[in-house]
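All residue numbers refer to positions in the sequence shown, counting from 1. Scope of the values below: all heavy atoms of this structure, side chains included, with no hydrogens, waters or symmetry mates.
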Amino acid sequence: MARPLSLRADRGRPAGRHHEGLILSKHLLSPLFAFVLSIVAIVLAASQASAVEAIKISRDDVALNLTGAVEIYRNQGENFQISTAPGPDGIVRRIEVEAKDKRSSGDWAVFALANTTDQQLDRLIVAPHFRLVGSGLFWPDLGSSRIASITPSEGFALDRQQSSDADVFLVTLNPGTVVTFIAELASPKLPQVYLWDPESYKDTVNSYTLFRGIVIGIAGLLALFLTILFVVKGTSMFPATAALAWAVLAYICVDFGFLNKVIEVSPGSEQIWRAGTEVALAGTFVVFLFAYLNLNRWHGHFSYGAFVWIVGLLLIAGVAIIDPAVAAGIARISFAATAITGLGLIVYLSIRGYDRAIMLVPSWAMVLIWLAGSWMTITGVLDNDIVQSALGGGLILIILLIGFTVMQHAFAGSALHQGLFSDMERQALAIAGSGDIVWDWDVLRDRVVTRPDVSIQLGLPANSLGGAARNWLPVLHADDRDTFRTTLDVVLEHRRGRVSQSFRLRGADGHYHWFSLKARPVIGSDGEVIRCVGTLVDVTEQKKSEERLLHDAVHDNLTGLPNRELFMNRLEAIISIARTEEKVRPSVFVIDIDRFKQVNDGLGISAGDTILLTIARRLHRLLKPKDSLSRFAGDQFALMLLSEEDPSRIAAVADAIKQAIKAPITFAKREIVLTASVGLITWTTAQASAEDMVKDAELAMHQAKRFGGDRIEPFRPAFRTVGTDRLQLESDLRRAIERKEFTLAYQPIVRLEDGSVAGFEALLRWDHPRRGLIPPGDFIPVAESCGLIVQLGLFAMQRAAEDLAEWQKQIGDQPLSVSVNLSSRQLIRRDLVSDVRSVIARANLKPRCFRLELTESLVMDNPEQTNHVLTKLKQLGIGLSLDDFGTGYSSLSYLTRFPFDTIKIDKSFVDDTSPKRAVLIKSMVNMAHELGLSVVAEGISDESDALELRQMGCEYVQSFMFGAPVPGDQALKLLKEQFSTGSGVTG
C-alpha cells in the first residue's frame, strides 16, 4: 500500500522565490541549521524534477498507448519510493510501495493519469503477455506475465480482470483527480501498456477472436487436406508439405492464444510452447524445400547438408525446454537462412529449366516478403497492433499458395497417363528418358548445340563446345580429328547418309571420354543440308569393358602377364625384324617350377596362386624395357630377352632368373624354397618361326628336368631326338586330318527314369594306319600344343551335327541331343561363335539339339572371357554342359554367372566309398536343381548306384554300364530299336 511521506509547497508558487527565502534565512540562523535547510531545499528540488507527469484523459478517449509515458525503475528492491504527480492542488507527495509478489525482482513501472472531465471514468489498463513487435532476433522476448500488481496513489486497489493473454486491470478515475500508479513488474520487460475503454476493448477482443478463429480454421483445413493428399499420392513432396502446414497451424495456435483454450498451459510454459513451434516451423521448412526440389537427385551433398541441418534443429528443440529464448532465436535465424538458401537454389534450378523450381517462384516471393515484414516487426520498425495478426494471416496465405503448387504436381501428367501426346512428343520423351545428349548442328549458321550441354559433363566452361563445328577439333583426340571432319564433309557433299562415329573428347582434367555420335542430315527445299541432328552418347564405360575383355583374352587371369598367344605374336614380330636387323637377336627362356604340384597338394591352390604371383613379380623386376615376360601354363613362364645380345650377359640373366626363383618365400609362417628348370635358346637364322623357337626352348627345359631340375639348359639340336616320338606323332596328326583317319564314337546319355536314350556324347577316335587306335589322352595334348586342336574340334562338331541330323530324318523329330567337347584353344578363338552357327546351319539342325561340353578347369582359366563367349553361344540356342564338375577349383558364385544348363558329376564322386559320398552327391544334385540345371552322373558301375542316384533326383547317367561308345551306324541302330519298341522319349 502507499503511504504519504511529505508535502511540497503549492505548485503555483514560483520555485525560485521559494529558494530565495531559504537562502535569506540561512544568513540569520546558525550555520548548522542553515546547512540542514539547504539539504532540505535540494531534496525538494530533486523531488520537483522527478515528479511523474500525468496523462490527461477525456471521455472520448477510446484507447491510449501509455508505453512511452511509463517510467521504469530497475533493481529498487521490495520497497519502492516515488514522488507522485502534482495533484489538482499542485502538491507533490512521496509514497512508498511494498512488493506483493514474493518472487519480485525489484523492477517497477510508474505512470500517472489525470481525469480532466466532470464525470467518473472507468478504464482498463492492459499489458499483453506477448508482442512480436520488438521481440528481437537473438534471445527474443517470448512473452510472460508483465504486471504482478498495480498500486494507485489514492483510491481503492485495482481489480485484475480475467484474461489468458494479457494483464488487465480495471481502474476508476474520479472527476478532476490525478492518480499516480506504481506497477510491480513480473518480468523485466514491459513491451506495451494500453488504457482502454472497457466496451471498446471488449469489441476489439471479439474482432480479433473472430479473425483469429477464421485463420486457425483455414490453417486446420489446409493441413488436413494436405495430409489427405499425402495419403492419396504418397510421394515425399506431400508429407513434407503436410508437415509444414501442421507446424504453421501449431505456431498460429500458440501465437493467437488458442492453445490455452484447448489444453491447460501452466504459467511460464508459454515460452517453451512458443519456442517449440518456431523450431518446428523452421525444421519443416527445411524438409519441405529439400523434398519439393528433390535435391538428392542433384547431388549427394544436399542430402548430407539437409540431414545435419534437421538434426541440429531437433537438438535445438531439446534446448527449448532449458532456454526457450536461445532455441527461438536459432529457429528464426534458421528460417531466414532457409529462405535465402532456397532463393539461390530456385534461381539456379530455374535457369537449368527445372519445372518444380519455376513453379515455386511465386510462393517463394511471398516467403521473402513475409520474411522482410517479420524482420521489420521484430526489430521494431513496424510498430502497430495489427502487424502480428497480419503476419499470421500472411503465413497461412503462403501455405495456401504452396498447397496449390503441390496440387499441380499431384494432378499433373494426366494427359500423359491417357496417352494424349503426339509422335514428336513421344520421341522427345524417349530421348529424355534414355539420357542421351541431343546433338544439333545448324549448318547454315555453322552452330553446334548440345542439350544437355556436353561441356558441363567434360568439366569445361558452359557452351565452350557451342558455336562452329571447328570448335570441337581442339578437344578431339588427335587420332579422331580427321575422321570427324571428313565424316561431316562427306555428309554435306553427298547430301545423304548417316553419321555413325565414335570419338574421344578431352575433359578439363586431361582424361579422354568416348562418345558415340549418331545423326542424320536434314535436307532443305533447295536440296542442300540445312541441319544435322542426332544423339551423342557417352560410351566410355563400354569402351573400357571392351578393352578389359580384349586384355583378358590375351593376358593371364592370375598374374596379368601376357599369355602364350600374345607372347608368340610378339616373338613372331621380333623375328621378322631380326631377319633384316643384325642387332636384333631375341633370346627365349622357358621356365618351369620344379615339383610345384607338391606345393599345391600340400598348401592348397590359394597358396600356390600366391607363390606364382610372387615369382611373377620377381621375374618382372629382371626385365628391361625391351624384354617381355609371359605365363604359358600353370607353373610355366616364358621370357623374351632383347636387351642383351652378348652370350655372357645372357647367361647372367639366366642365372639371375634361377636365383630369383630360388630365393625363399615366406607363407603362413613357413619358408618355401623352390627351384626351376630353365630352357634357353637364342635366335639364329635356322629358326624359321616363333613356334619352332619356343618348341626348341621347351625341349631344352624338359631336358633340364630330366637331369633333375634346378638347372639351366641351352638348346642343342641333339635334344630334338629325345622328342622324336612326339614330333612323329605331330607329323602323323597333320596327315591324319588330310587322310580322314579320325572318326567319332558316340556314348549314350540315358534317362534314369525309363532307361531311354536322351542323347550322345561325341568322342574323337584316331585309327592310325600303323599304330592302330591311339587313345585321346595321347594325341589330344599334342594337337593342342601344335595348334591342330582347332581343326579337330571343328571336324568333331560338324560330323556330330551331320550324324544327328541324319538320325532324326530316319527316326523322326525326336528330342535327342549330341554333345561335343570344347578345348581351350577353341574357347579363346574369336571365330568360335560363327563356327558353331555355321555348323548348325549346314547340318540343318535345331540349335537345342546341339550341345558343347567344357571342363571346370577350362572355364576358370579366364572367367571373364569365358563368360563373354558362353553368353554369345547361349544366344544361339544351343545347350552348354559343365563337365567334370567338382574336380576343379571354381567358386559357386562363378557357376551362377555362366549360362550352363547341365552339370556332369565326375566319376570320382560316384566311386567314392566314404560315408559322406551320398551327402556330397545329393548336395550337388539339389544345388543344380535350385539353379535350374539338369544333372548327368558319369561312371555308374552297378544297379544300386543307379537306383540311389534316381532317388536323389539325378535325371541322366553316362557310363559303360548303360552303353559303351559305339560308331555312328550302331548308334542309329540303337535309336531305331528304342523308338520302334515304343519306349518314347519323354524329354
How long is the straight-line distance from [atom2] of [Y] back to [atom1] of [X], given to the nearest 0.5 Å?
X      : Y      : atom1 : atom2 : value
Ser350 : Met359 : OG    : CE    : 11.5 Å
Leu360 : Met366 : CG    : CE    : 12.5 Å
Leu66  : Leu190 : CG    : CG    : 10.0 Å
Trp196 : Ile125 : CH2   : CD1   : 14.5 Å
Ile95  : Glu154 : CD1   : CD    : 10.0 Å
Leu185 : Ser144 : CG    : OG    : 10.0 Å

Side chains of [X] and [Y], donor plus acceptor under 3.5 Å:
X      : Y      : answer
Thr177 : Asn174 : no
Asp203 : Ser200 : no
Thr67  : Gln192 : no

For Glu78, look at atom CD and say whether over 12 heavy atoms of other residues, nucleotides or ligands are found less than 6.0 Å away. no

Return yes when atom CD of Gln120 has more than 12 non-hydrogen atoms of other residues, nucleotides or ligands closer than 6.0 Å, and no otherwise. yes

Partner set under ring-ring contact (aromatic ring centres under 6.0 Å, His included) for Phe181, not counting sequence neighbours: Phe111

Non-hydrogen atoms of [X] and [Y] that approach each other most closely:
X      : Y      : result
Leu371 : Ala339 : CD2-CB, 3.7 Å
Ile358 : Pro362 : O-CD, 4.0 Å
Phe288 : Ala240 : CA-CB, 3.8 Å
Gly342 : Leu289 : CA-CD2, 3.6 Å
Ala127 : Ile147 : CB-CD1, 3.8 Å
Pro198 : Leu124 : CA-CD1, 3.8 Å

Side-chain contact, heavy-atom cut-off 4.5 Å: [X] with [Y]?
X      : Y      : result
Val178 : Pro88  : yes
Ser149 : Arg160 : no
Ser163 : His129 : no
Asn75  : Asp107 : yes
Leu121 : Asp197 : no
Arg332 : Ile378 : yes
Leu281 : Leu244 : yes
Leu158 : Pro152 : yes

Could you check whether the rings of Trp364 and Phe285 sit parallel, tilted or perpendicular, using 30° and 60° as the cut-offs? parallel

Could you tell me whether the side chain of [X] and the main chain of [Y] form a donor-acceptor pair under 3.5 Å?
X      : Y      : value
Asp159 : Leu170 : no
Arg146 : Ser187 : no
Thr180 : Thr84  : no
Trp108 : Glu71  : no
Gln76  : Arg74  : yes

Can Asn463 and Ser455 be said to form a side chain to side chain contact (heavy atoms under 4.5 Å, CB included), step by step? CA-CA 6 Å; Asn463 297 320; Ser455 307; 5.7 Å; no

Full working for side chain to side chain contact (heavy atoms under 4.5 Å, CB included) between Glu184 and Val97: CA-CA 9 Å; Glu184 180 185 353; Val97 182; over 6 Å; no

Salt bridge (Lys or Arg N to Asp or Glu O under 4.0 Å) filter on Asp453, not counting sequence neighbours, yields none

Among Thr116, Leu113, Thr117, which residue meets the side-chain contact (heavy atoms from CB on, under 4.5 Å) test with Lys56? Thr116

